[in-house]
Amino acid sequence: MTNKMFTAILVATLICGTLDILSAFLFAGLAGAGPGQILRYVASGPFGDGMREAGSGAAAIGLATHFVLMAVMVTLFVIAASRIAAIRANPVLAGILYGLLIYTVMYWIVVPARWTGHYPQLTLWAFGNALFSHIVCVGIPMALVTMRYLGRAGLRTGPTSIPGG
């Protein structure tokens, strides 16, 4: 991994992670939930349902968990962008598609696997909130930050030609 890739991952994780959690706070706040409640819910994913009733330590664990998950999502995108020219050629479209992919994986695979029988709400409001967060707050900024550091030419981690050919 190059310094440019590492920097892209770090910056995109901080920006997208912050935008995404602020979006969650806003939309959950409109529904009557506070930031601590949201962060404890995030912590309950990997650390069990008891985290939902725990205190500020659990909220801090939830915030750390959120940024670790974001770092994984960003890392996968940056690696893909460094190897796939179509991502670099169309970063906004790639960000929109990646945001949709993240939404699909989180809401239709991860959450139902962790909390059996829990599927996403398909009301226009809930669906719109989720798509806004995953596309506008995560996918597009992730793609734009990645392109800022990788450039449209991108990076190749392997040989560009066949040796001896």
Side-chain angles (χ1 to χ4, degrees), residues 1 5-84 87 91-146 148-149:
M1 183 172 301
M5 290 173 72
F6 179 78
T7 303
I9 291 167
L10 179 63
V11 172
T13 297
L14 293 174
I15 290 172
C16 297
T18 300
L19 290 172
D20 186 48
I21 202 66
L22 290 175
S23 174
F25 291 166
L26 173 68
F27 289 121
L30 292 172
Q37 187 177 356
I38 298 305
L39 293 173
R40 289 190 300 274
Y41 176 79
V42 172
S44 74
F47 300 108
D49 292 337
M51 296 297 262
R52 290 187 195 181
E53 304 304 319
S56 58
I61 290 169
L63 186 62
T65 300
H66 169 74
F67 276 97
V68 167
L69 290 171
M70 187 61 64
V72 170
M73 290 182 255
V74 170
T75 299
L76 293 172
F77 185 84
V78 170
I79 290 170
S82 74
R83 296 183 172 152
I84 301 170
I87 294 172
V92 173
L93 177 60
I96 290 169
L97 294 174
Y98 195 62
L100 287 170
L101 176 65
I102 293 169
Y103 163 79
T104 302
V105 169
M106 292 302 294
Y107 280 75
W108 291 95
I109 298 171
V110 174
V111 171
R114 169 57 180 90
W115 292 284
T116 305
H118 183 88
Y119 290 96
Q121 298 176 7
L122 294 178
T123 65
L124 184 58
W125 177 253
F127 186 65
N129 294 348
L131 289 183
F132 173 82
S133 296
H134 288 90
I135 293 171
V136 175
C137 296
V138 178
I140 293 172
M142 184 184 303
L144 295 176
V145 169
T146 300
R148 162 71 175 86
Y149 289 95

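Keep in mind that this is a model prediction, so the values were computed, not measured.
Between V11 and R148 the shortest side-chain heavy-atom distance does not fall below 4.5 Å. With contacts defined as side-chain heavy-atom distances shorter than 4.5 Å, the pair V92/L144 qualifies. Between D49 and R114, some side-chain heavy-atom pair lies under the 4.5 Å cut-off. In this structure, the side chains of L97 and L101 stay at 4.5 Å or more apart for every pair of heavy atoms. Counting heavy atoms from C-beta on, the side chains of L26 and L22 never come closer than 4.5 Å. With contacts defined as side-chain heavy-atom distances shorter than 4.5 Å, the pair F47/T65 qualifies. Using a 4.5 Å heavy-atom cutoff, the side chains of Y103 and I135 are not in contact.
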From CA spacing to verdict: side-chain contact (heavy atoms from CB on, under 4.5 Å), I96, I140:
CA-CA 6 Å; I96 290 169; I140 293 172; 3.8 Å; yes
One pair to check against side-chain contact (heavy atoms from CB on, under 4.5 Å): V74 and L10. What are the steps and the verdict?
CA-CA 9 Å; V74 170; L10 179 63; over 6 Å; no
One pair to check against side-chain contact (heavy atoms from CB on, under 4.5 Å): Y41 and R52. What are the steps and the verdict?
CA-CA 5 Å; Y41 176 79; R52 290 187 195 181; 3.5 Å; yes
Show your working on side-chain contact (heavy atoms from CB on, under 4.5 Å) between I9 and M1 and close with a plain yes or no.
CA-CA 11 Å; I9 291 167; M1 183 172 301; 3.6 Å; yes
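When all heavy atoms of M70 and T13 are compared, the closest pair comes out as CG-O, 3.9 Å. Of all the heavy atoms in F127 and L122, the pair that sits closest is CD1-CD2, 4.5 Å. Shortest non-hydrogen contact noted between P141 and I15 is CB-CG2, 4.5 Å. M51 and A58 make their closest contact through O-CB, 3.7 Å (heavy atoms, listed as atom of the first residue, atom of the second, distance). Annotation for A24 and I38: closest pair CB-CG2, 4.2 Å, computed over non-hydrogen atoms. The shortest heavy-atom contact between S133 and S23 is OG-OG, 2.5 Å.
Atom OG1 of T75 is separated from atom CZ of F6 by 9.0 Å, given to the nearest 0.5 angstrom. One distance of note links OG of S56 with CD1 of I61; it measures 10.0 Å at 0.5 Å rounding. Atom CE in M106 sits 6.0 Å away from atom CG in L69 (nearest 0.5 Å). R40 contributes atom CZ, which lies 7.5 Å from atom CD of E53 (distance to the nearest 0.5 angstrom). Annotation: the span from H134 atom NE2 to D20 atom CG amounts to 5.5 Å, rounded to 0.5 Å. Taking CD1 of I87 as the start and OG1 of T146 as the end, the distance is 9.0 Å to the nearest 0.5 Å.
By the neighbour-count criterion of 12 heavy atoms within 6.0 Å, atom CG of L124 is sparsely surrounded, having that number or fewer from other residues, nucleotides or ligands.
Relative ring orientation between Y98 and F77 is described as tilted, the plane-to-plane angle lying within the 30° to 60° band.
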